[in-house]
Amino acid sequence: MRTANPTLKAFDRRTGHYYDRPMTLMGAVHKSFLLLFILVISAGTTWYYASQGTNIGGFITIGAIGGLAAAFIASFFPKTAPITAPVYAVMEGMAAGGISVYYSSLYNGIVMQAVLITISVFLGMLLIYRTGIIKVTNKFRLGVAAATFGVMLLYLLSFVLQLFGIGVPFLHGSSMVSIIISLVVVGIAALNLVLDFDLIEQGAKSGQPKHMEWYAGFTLLVTLVWLYFEILRLLSKLNSRN
């Protein structure tokens, strides 16, 4: 995790040498809020263009593909996070803004409900983490990672089946089973927030390199976007039953 890049080091005037600038808790928090701000601005811009009658299908496509590419690069090469994390925020903001416009056209007020619930879940999980109600152990990490991987496999299988014209009503429908599955997925996404909080705290304590502040902010943003989308889907299922 150490680096020889002078741009990621600080200069000690007393010794005349460079030393690694460590990741700090406040630094990671600031980067996280900055990335969230970038995403909100990007999403708001997409929403504005949609309100002006612009076809935003391209916004969603470019945002989804660009966000996925930036996420893969940041995940496998954390040192690129100072660049790829803001790019991800812009791209994912375009996609999130466009998708939000679509859901808003179906159910009035659903987007604001999803935003408020996402914020509430975030604050609730932060409180749970800070009070020690949930202890982040190796077993906990493994369990959440396995559950998350299972969700990704389920979505991938659903995507492949739909390519062959096979519907997956228990996942995308509005049945009680589908709603329960969505609730479980929302719960798994919420638990990932705890892992993100732990990554930030442990990274700061262990003196990880400075670029890890951006990486920690990136992972937190990925989870928040996922949580928002899952809450949006859950609310749409509930609304469709009314």
Side-chain angles (χ1 to χ4, degrees), residues 23-44 46-47 63 67 70-71 74-75 81 85-86 88-97 99-100 103-104 107 109-137 140-141 143-145 147-148 151-152 155 179 181-205 212-238:
M23 169 186 178
T24 64
L25 180 60
M26 289 309 300
V29 171
H30 291 159
K31 301 298 190 303
S32 299
F33 277 110
L34 177 58
L35 291 175
L36 182 59
F37 176 76
I38 293 173
L39 184 141
V40 170
I41 293 298
S42 177
T46 303
W47 189 289
S75 298
Y88 171 82
V90 173
M91 294 292 103
E92 204 63 27
M94 292 169 58
I99 294 173
S100 296
Y103 275 100
S104 180
Y107 309 106
I110 189 174
V111 172
M112 183 56 65
Q113 293 173 15
V115 169
L116 292 176
I117 293 175
T118 301
I119 294 174
S120 299
V121 172
F122 171 81
L123 294 176
M125 297 309 294
L126 179 59
L127 178 62
I128 288 175
Y129 174 75
R130 296 303 300 172
T131 55
I133 295 177
I134 293 181
K135 301 291 185 181
V136 182
T137 62
F140 178 82
R141 293 190 185 94
V144 174
T148 304
V151 172
M152 298 301 108
Y155 282 168
I179 291 174
I181 291 176
S182 285
L183 282 170
V184 172
V185 175
V186 167
I188 294 172
L191 290 176
N192 271 271
L193 287 174
V194 176
L195 295 185
D196 296 331
F197 299 148
D198 184 67
L199 172 66
I200 293 175
E201 185 173 23
Q202 297 306 318
K205 286 182 178 179
M212 290 301 290
E213 293 178 354
W214 287 102
Y215 182 77
F218 158 73
T219 60
L220 182 59
L221 190 64
V222 169
T223 304
L224 282 173
V225 170
W226 177 31
L227 178 63
Y228 168 73
F229 281 147
E230 292 299 341
I231 291 175
L232 201 56
R233 292 180 70 245
L234 174 59
L235 291 176
S236 70
K237 293 178 181 181
L238 293 173

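The analysis underlying the following values was restricted to heavy atoms, covering all of them including side chains, and did not include hydrogens, waters or symmetry mates.
Annotation: Phe37, atom CZ; neighbour count of heavy atoms from other residues, nucleotides and ligands within 6.0 Å does not exceed 12.
Of all the heavy atoms in Leu232 and Ala114, the pair that sits closest is CD1-CB, 3.6 Å. Counting all heavy atoms, side chain and backbone alike, Leu221 lies closest to Ala89 at CD2-CB, 3.8 Å. The two residues Phe218 and Ala85 make their nearest non-hydrogen contact at CB-CB, 3.9 Å. In terms of heavy atoms, Ala147 sits closest to Ile188 at CB-CD1, 3.8 Å. The nearest pair of heavy atoms linking Met23 to Ile200 is CE-O, 3.6 Å. Between Lys237 and Ser182 the shortest heavy-atom distance is NZ-OG, 2.5 Å.
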(message) For Leu193 and Leu224: C-alpha separation, side-chain torsions, deciding distance, then whether side-chain contact (heavy atoms from CB on, under 4.5 Å) applies.
(response) CA-CA 8 Å; Leu193 287 174; Leu224 282 173; 4.0 Å; yes

(request) For Val151 and Trp226, run side-chain contact (heavy atoms from CB on, under 4.5 Å): C-alpha distance rounded to whole Å, both residues' side-chain angles, the deciding distance at 0.1 Å, then the answer. (result) CA-CA 12 Å; Val151 172; Trp226 177 31; 4.0 Å; yes

(message) Checking Ile117 against Val121 for the side-chain contact (heavy atoms from CB on, under 4.5 Å) test, could you report, in this order, the C-alpha distance in whole Å, the side-chain angles of both residues, the deciding distance, and whether it holds?
(response) CA-CA 6 Å; Ile117 293 175; Val121 172; 4.1 Å; yes

(request) Give the intermediate values and the outcome of side-chain contact (heavy atoms from CB on, under 4.5 Å) for residues Leu191 and Met125. (result) CA-CA 8 Å; Leu191 290 176; Met125 297 309 294; 4.1 Å; yes

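Separating the CG atom in Leu220 from the CG atom in Asn192 is a distance of 10.5 Å, to the nearest 0.5 Å. The distance from the OG1 atom of Thr118 to the CD1 atom of Ile231 is 3.5 Å, given to the nearest 0.5 Å. Remark: Leu34 CG to Leu39 CG distance equals 11.5 Å, nearest 0.5 Å. To the nearest 0.5 Å, atom CD1 of residue Ile41 and atom OG1 of residue Thr46 are 11.0 Å apart. One distance of note links CG of Leu227 with CD1 of Ile119; it measures 11.0 Å at 0.5 Å rounding. Distance check, rounded to the nearest 0.5 Å: CG of Leu234 to CD1 of Ile110 gives 9.0 Å.
Residue pairs satisfying the salt bridge (Lys or Arg N to Asp or Glu O under 4.0 Å) criterion with at least one member in residues 221-231, sequence neighbours excluded, are listed as follows: Glu230-Arg233.
Distance alone, capped at 3.5 Å, places no donor-acceptor pair between the Ser42 side chain and the Ile38 backbone. The closest donor-acceptor contact from the side chain of Ser104 to the backbone of Ser100 lies at 3.5 Å or more, if one exists at all.
Using a 4.5 Å cut-off on side-chain heavy atoms (C-beta onward), Tyr215 and Met212 make contact. The shortest side-chain heavy-atom distance between Val136 and Val194 falls under the 4.5 Å cut-off. Using a 4.5 Å cut-off on side-chain heavy atoms (C-beta onward), Val185 and Phe229 make no contact. Residues Val225 and Tyr88 form a side-chain contact, since some pair of their non-hydrogen atoms from C-beta on lies under 4.5 Å apart. Between Leu235 and Tyr107 the shortest side-chain heavy-atom distance does not fall below 4.5 Å. Using a 4.5 Å heavy-atom cutoff, the side chains of Phe140 and Asp198 are not in contact.
A centroid separation of 6.0 Å or more is found between the aromatic rings of Phe122 and Tyr228.
Between the side chains of Asp196 and Thr223, at least one donor N or O sits under 3.5 Å from an acceptor N or O. Side chains of Glu201 and Tyr129: a donor on one and an acceptor on the other come within 3.5 Å.
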